[in-house]
There are 2 protein chains.
Amino acid sequence: MSVFAPFWEVAGQLARFSKEEKERIENKLIYKEIPAKYRLVDLGETARQAYFILKGFSRFYYINDKAEEITGFIFSPGQFFSSLESFFNKDESNQVVESVTPMKLLAINRQDLEEWMNEIPAIERMVRMILQQRMIYAQSVVASLISLKPEERYISMLESRPDLVQHIPQHILSSYMGITPVSLSRIRSRVKDKP
Amino acid sequence: MSVFAPFWEVAGQLARFSKEEKERIENKLIYKEIPAKYRLVDLGETARQAYFILKGFSRFYYINDKAEEITGFIFSPGQFFSSLESFFNKDESNQVVESVTPMKLLAINRQDLEEWMNEIPAIERMVRMILQQRMIYAQSVVASLISLKPEERYISMLESRPDLVQHIPQHILSSYMGITPVSLSRIRSRVKDKP
DNA sequence: TCAAGTTCTTAACAATTGTAAATGCGCAGT
DNA sequence: ACTGCGCATTTACAATTGTTAAGAACTTGA
């Protein structure tokens with residue numbers, strides 16, 4: 001079983017690739033293993049790679065004026081990630097992209113991707129589909145942030161993303177939910193008592 | 001001055017179109033004028049068109065279990081909008097898409113767009129770029145929701161989107177900010193007193 | 001013009017979160 | 001085994017928001 005299998009399982013759902021295209025792409029994908037808390041993109045850096053997750057969890061976070069880490073998103077296996085703005089716009093990243101657990105990744109160089117997007121229509125289609133799906137999901141995240149109370153958000157997360165609740169430390173989860181670790185702890189004890 | 005000029009001003013920034021492609025596209029764009037509070041996509045309906053805003057403001061909103069309208073996004077001139085999930089996935093819309101003010105629009109049929117995305121690479125590129133930019137913006141919205149207090153969010157909105165504060169009724173703004181109209185009113189009086 | 005319906009504001013009270021600080025738990029490195 | 005550090009929990013208090021209700025201000029349509 002090739003290490004590329006999970007990649008094509010996802011990519012194949014989004015666009016059709018010929019055998020030649022697949023080979024051309026596989027030749028440039030870079031297999032990587034990284035430990036927990038490893039910074040893939042640092043603040044002020046320009047992201048030169050995007051990543052596909054084979055195993056493990058990552059996130060990106062901002063640093064606010066109180067030097068707190070504000071988690072913007074948590075990524076799980078089968079997903080692509082990078083510092084979106086930095087990777088596509090060649091801007092300096094305003095966010096840190098970091099592994100949460102040890103990870104196995106496939107890395108894609110920006111230059112390669114740009115080349116492919118010009119020469120392989122299926123790749124542009126794939127990227128469009130990823131962004132489309134991610135955007136739909138982002139809308140549901142916003143909806144949950146503006147319409148649910150933190151406690152309801154936690155319960156909804158328990159159901160829809162049990163993997164996160166299981167693998168992600170609570171101080172990271174709480175910053176992802178927009179509440180303090182203290183408040184998340186209170187919510188947990190409240191929910192535990194009366195289910 | 002053609003009614004399509006604002007469209008190409010935006011589209012031209014995102015991808016390169018030949019004269020023939022532009023003509024082909026213009027022939028299918030549909031000019032529309034609609035009054036305020038006009039429903040372009042209703043709950044449970046499948047969106048058959050996407051829209052480019054020439055003039056006016058629109059939004060989409062969910063209906064929660066208390067029958068309240070939860071505004072997910074507000075769109076302004078120069079932007080494309082529809083019920084994203086419904087339009088692309090041919091799903092039944094879980095959100096209402098509605099004008100806030102009277103509007104002037106260019107409508108695009110889904111069938112035409114799908115055809116174009118297969119035959120005109122620049123269109124797939126354009127859609128990808130729109131989703132990319134919208135996704136980057138969505139990330140900043142999420143960041144503001146999880147890291148700022150409602151009052152800070154209102155002040156930041158005053159600076160970054162004064163057009164919204166000016167043209168959008170406050171009960172809609174408040175639902176977009178994730179607070180009650182009552183609370184927004186309090187915030188406004190607090191901000192007004194001590195700037 | 002008047003009447004009816006929205007929208008916005010203000011008030012009082014309940015509920016929840018934020019803040020700060022102390023405690024406990026668990027894991028890593030010496 | 002011991003020490004130190006990061007993480008999670010608990011407590012008490014302050015601050016803010018949600019809720020409900022009432023009234024003012026503004027629109028809309030007959």
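Chain letters run A, B, ... following the sequence lines, proteins first and then strands; every chain starts at 1.
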Open item on the list: So, using salt bridge (Lys or Arg N to Asp or Glu O under 4.0 Å) as the criterion, who are the partners of A:Glu33 when residues are at least two apart?
Closed with: none
Task: Approximate separation, where rounding is to 0.5 Å, of B:Leu40 CG and B:Ile34 CD1 - done: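 These two atoms lie 4.0 Å from each other.
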Task: CE on A:Met157 to CG on A:Leu173, rounded to 0.5 Å - done: 5.0 Å
- [ ] Please list, by residue number, the residues of residues 177-187 of chain B whose heavy atoms come closer than 4.0 Å to an atom of DNA chain C; answer none if no residue qualifies.
- [x] B:Val182, B:Ser185, B:Arg186
Task: Residues in contact with DNA chain C, drawn from residues 162-176 of chain A - heavy-atom cutoff 4.0 Å - done: none
Task: Contact boundaries on DNA chain D for chain A, cut-off under 4.0 Å to non-hydrogen atoms - done: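 Nucleotide range in contact with chain A: D:dC7 to D:dA12.
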Open item on the list: Apply side-chain hydrogen bond (donor to acceptor under 3.5 Å, both in side chains) to residues A:Tyr51 and A:Gln49 and explain how you reach the verdict.
Closed with: CA-CA 7 Å; A:Tyr51 308 92; A:Gln49 297 186 319; 3.2 Å; yes
- [ ] Using a cut-off of 6.0 Å, state whether more than 12 heavy atoms not belonging to B:Phe4 lie near its atom CZ.
- [x] yes
- [ ] Return yes when atom CZ of A:Arg48 has more than 12 non-hydrogen atoms of other residues, nucleotides or ligands closer than 6.0 Å, and no otherwise.
- [x] no
Task: Between the first and last five pairs of the helix from C:dT1-D:dA30 to C:dT30-D:dA1, the angle of the axes, rounded to 10 degrees - done: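 The helix from C:dT1-D:dA30 to C:dT30-D:dA1 shows an end-to-end axis angle of 50°.
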Task: Qualifying side chain to side chain donor-acceptor pair (under 3.5 Å) pairs with a residue from residues 3-14 of chain A, counting only residues at least two apart or across chains - done: A:Trp8-A:Glu26
Task: Inter- and intrachain pairs under side chain to side chain donor-acceptor pair (under 3.5 Å), touching residues 133-144 of chain A, at least two apart - done: A:Tyr137-A:Arg161
Report each atom pair, protein N/O against N/O of nucleotides 22-29 of chain C, whose distance is under 3.5 angstrom.
none

Using a 3.5 Å cut-off and no angle test, enumerate the donor-acceptor pairs between side-chain atoms of residues 176-183 of chain A and protein atoms at least two apart in sequence or in another chain.
{"residue": "A:Thr180", "atom": "OG1", "partner": "A:Ser183", "partner atom": "N", "Å": "3.1"}

Task: ring-ring contact (aromatic ring centres under 6.0 Å, His included) involving B:Phe7 - partner list, sequence neighbours excluded - done: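 Here the qualifying residues are B:Phe52, B:Phe80.
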- [ ] Could you pull out all residues at least two apart from A:Asn118 that satisfy side chain to side chain donor-acceptor pair (under 3.5 Å)?
- [x]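 Partners of A:Asn118 by the side chain to side chain donor-acceptor pair (under 3.5 Å) criterion, ordered by chain and then number, come out as B:Arg125.
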TODO: Sequence neighbours left out, what passes side chain to side chain donor-acceptor pair (under 3.5 Å) with B:Glu85? Give chain and number order.
DONE: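 Partners of B:Glu85 under the side chain to side chain donor-acceptor pair (under 3.5 Å) test: none.
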- [ ] Would you kindly compare B:Lys149 and B:Glu68 by the position of their nearest DNA chain D nucleotide and give the one closer to the 5′ end?
- [x] B:Lys149
